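Data first, discussion second: the structure below is written as structure tokens.
For clarity, every value in this text was computed on a predicted model and none was experimentally measured. Counting starts at 1 for both ligands and their atoms, in listed order. Values below: all heavy atoms of this structure, side chains included; hydrogens, waters and symmetry mates excluded.
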Amino acid sequence: MRRTTLSRYLIEEQREKGKINADLRLLLEVVSRACKGISIAIGKGASAENGGVFGEAGSENVQGEAQKKLDILSNEILLEANEWGGHLAGMASEEMAEPHSIPNRYPQGEYLLLFDPLDGSSNIDINVSVGTIFSVLRCPDGADPTQSSSFQQAGTQQVAAGYAVYGPTTLLVLTVGDGVVCFTLDREYGSFVLTHENMQIPADTKEFAINMSNARFWDAPVKRYVDDLLAGANGPRGKDFNMRWVAAMVADVHRIMTRGGVFLYPIDSRNRDKGGKLRLMYEANPMAFIVEQAGGAATTGTERIMSIVPTALHQRVSVILGSKSEVEIVEKYYREMN
Ligand code: F6P
């Protein structure tokens with residue numbers, strides 16, 4: 001059986017399909033290598049206590065959230081791996097207030113890389129899945145990649161996006177705008193091997209993901225939608241729904257990519273002044289690109305996530321994504337009730 005590694009897939013996307021150029025191929029190879037490094041660090045677990053990778057770092061990120069040592073380490077792995085290849089103009093991370101410049105001693109490329117180095121990091125302590133999310137944009141002609149404004153592009157401008165899930169196996173899910181593919185890390189060979197071609201999210205679902213403890217803060221359309229689901233076979237939807245919440249967006253979205261469903265982290269009365277909880281450029285946009293490429297949809301409730309032109313690098317946003325028919329129902333409720 002032919003074994004398609006990530007390298008081979010990328011070569012074919014470049015040479016045969018002309019979907020990517022050599023620099024973007026290198027960028028994606030380098031990001032995948034960094035994800036392997038993060039996977040190894042996570043896999044060491046508390047046994048690496050002496051090496052110092054587990055536990056609280058004692059610092060806060062730009063969002064005011066406590067950083068774990070693994071947040072910082074994962075960020076450093078991604079920065080270090082991507083600095084010197086000549087494929088990037090700049091990087092921005094959820095963990096850093098300002099964009100990270102490529103040191104002068106290295107050549108600069110045309111791309112901008114944005115990432116959430118360790119999504120769902122509170123799951124680390126309980127040995128549950130975490131992940132890395134990334135998004136790739138072009139640096140606009142003449143733009144200064146040290147400035148946040150160069151990164152503030154709508155999600156529709158993304159040229160690639162992906163995530164790694166560090167679970168029972170390490171997976172890399174990727175889109176270069178040519179559908180969605182999933183690779184599994186073969187630890188013996190040290191390479192990512194194609195295991196799911198052309199991932200598709202079923203349009204209809206019986207599963208939803210939301211943090212129910214926030215119910216009292218939700219907007220009326222979200223309350224109405226979730227009430228419908230909870231009413232099950234006797235309610236307006238006429239069928240029973242199941243609920244799951246891993247509390248790591250990567251893991252929840254990966255479940256939806258695999259068996260369908262809808263994920264909601266909506267704007268609510270607690271986070272309204274911030275615009276929502278999840279980050280537009282490090283979480284929502286890359287996941288929206290992947291979900292749309294898999295036939296799903298991604299909205300704030302009132303607009304397509306990828307259409308938003310960001311006004312700040314660390315902007316937050318309301319996120320409702322997954323199976324198309326479900327996302328459309330939430331949008332309909334927002335239209336009817338606003
Ligand atoms: O943004 C970080 C994150 O951990 C997401 O990965 C996840 O979906 C969400 O926060 C979980 O939030 P909560 O703890 O409020 O359920």
Any residue meeting ring pair (Phe, Tyr, Trp, His ring centres under 6.0 Å) with [X], in chain and number order, not counting sequence neighbours:
| X | answer |
| --- | --- |
| H87 | none |
| F134 | none |
| F183 | Y9 |

Discussion item. We want to know whether Y189 and T5 form a side-chain donor-acceptor pair, criterion being a heavy-atom distance below 3.5 angstrom.
Written reply: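 T5 and Y189 do not have a side-chain donor-acceptor pair below 3.5 Å.
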
Discussion item. At less than 4.0 angstrom from any atom of ligand 1, which residues have a non-hydrogen atom? List them by chain and residue number.
Written reply: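 Heavy-atom contacts below 4.0 Å: D119, G120, N211, W245, A247, A248, M249, F263, Y265, K277, L278, R279, E283.
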
Fill in: D219/R272 salt bridge by N-O under 4.0 Å criterion
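A salt bridge is present here (some side-chain N lies under 4.0 Å from a carboxylate O).
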
Worksheet item: Below 6.0 angstrom between ring centroids: does that apply to W218 and Y225?
Response: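 Judged by ring-centre distance (under 6.0 Å), W218 and Y225 do not meet the cut-off.
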
